[in-house]
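Remarks on the structure that follows.
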Amino acid sequence: NAGVMQNPRHLVRRRGQEARLRCSPMKGHSHVYWYRQLPEEGLKFMVYLQKENIIDESGMPKERFSAEFPKEGPSILRIQQVVRGDSAAYFCASSPPVAGGSYEQYFGPGTRLTVT
Amino acid sequence: LAKTTQPISMDSYEGQEVNITCSHNNIATNDYITWYQQFPSQGPRFIIQGYKTKVTNEVASLFIPADRKSSTLSLPRVSLSDTAVYYCLVASGSWGKLQFGAGTQVVVTP
């Protein structure tokens, strides 16, 4: 059973460009979470999604950031008009379809975004 | 979500037992205590979870006193590969939002 997959592993964007980060959850998992880790800091929750639904986006910046988890295909975290402060590691996690989500989450290897 | 406090760093030698204590004075009745491990350039990995008393698995033990205001993660006979950041989290069992603090950097040397 493959783990959580994220791609790309490394992404370089110039200021003002768009970044698209993809996450394929573990087989059988229908809950996806996105976290951001700035250098030398702990992970910060961004958004929690179930298939076709955003459950909690309280950690998402109000502008330029969006996330989706369509019925088919991976979850996408999209950052429009990136700025240098968006440079960070973005981790995706998934969990089985436990009602309300689970604190036992399986994390992917992360996407390291560098904005130049 | 209850705030947690844990040491910034701990050093140990191979073969020793490492105990990391986490304070969570404001833990709620329906909160669980969860520990994650993170190696450099990797995503966190779930280690263990508990509600009260003692929980043990193949990786670690978790000790939780009766008042639940603290917990101790015990790593038996550490090896070099246990060098990592360890996060203590307290989360309601009804929600999936994990709040990671700064964690404890454990460094194991020969």
| Is M26(A) reachable from M5(A) through a run of hydrophobic residues whose side-chain heavy atoms are each under 4.5 Å from the next? | no
| said: Any heavy-atom pair between the side chains of Y33(A) and L98(B) that's under 4.5 Å? | reply: no
| Should the heavy atoms of other residues, nucleotides or ligands under 6.0 Å from CD of Q17(A) be counted, would the total exceed 12? | yes
| request: Can you spot which of Y106(A), F107(A), Y35(A) makes a side-chain contact (heavy atoms from CB on, under 4.5 Å) with P44(B)? | output: F107(A)
| said: Which heavy atom of F100(B) sits nearest to which heavy atom of K44(A), and what is that distance? | reply: O-NZ, 4.3 Å
| message | Does K52(B) have more than 12 heavy atoms from other residues, nucleotides or ligands lying within 6.0 Å of its NZ? | response | no
| query | With only heavy atoms counted, which part of Q37(A) is less than 4.5 Å from chain B, the side chain, the backbone, both or neither? | reply | side chain
| Taking Q38(B), R45(B), Q42(B) one by one, which has the highest count of heavy-atom pairs under 4.5 Å against chain A? | Q38(B)
| task | Return yes if some donor-acceptor pair links the side-chain N/O of Y36(B) with the main-chain N/O of Q105(A) below 3.5 Å, else return no. | result | yes
| Interface residues of residues 63-70 of chain A facing chain B - heavy atom cut-off under 4.5 Å | none
| query | Has I8(B) got more than 12 heavy atoms of other residues, nucleotides or ligands less than 6.0 Å from its CD1? | reply | no
| Single-linkage hydrophobic cluster, 4.5 Å side-chain cutoff, W35(B) and V107(B) together | no
| For the hydrophobic clusters of this structure (ILVMFWY residues joined by side-chain heavy atoms under 4.5 Å, transitively), does one cluster hold both V55(B) and I33(B)? | yes
| message | Counting only heavy atoms not in M10(B) (residues, nucleotides, ligands), do more than 12 fall under 6.0 Å from its CE? | response | yes
| request: Look at E41(A), R112(A), R9(A) and state which one has the largest set of heavy-atom pairs under 4.5 Å with chain B. | output: R112(A)
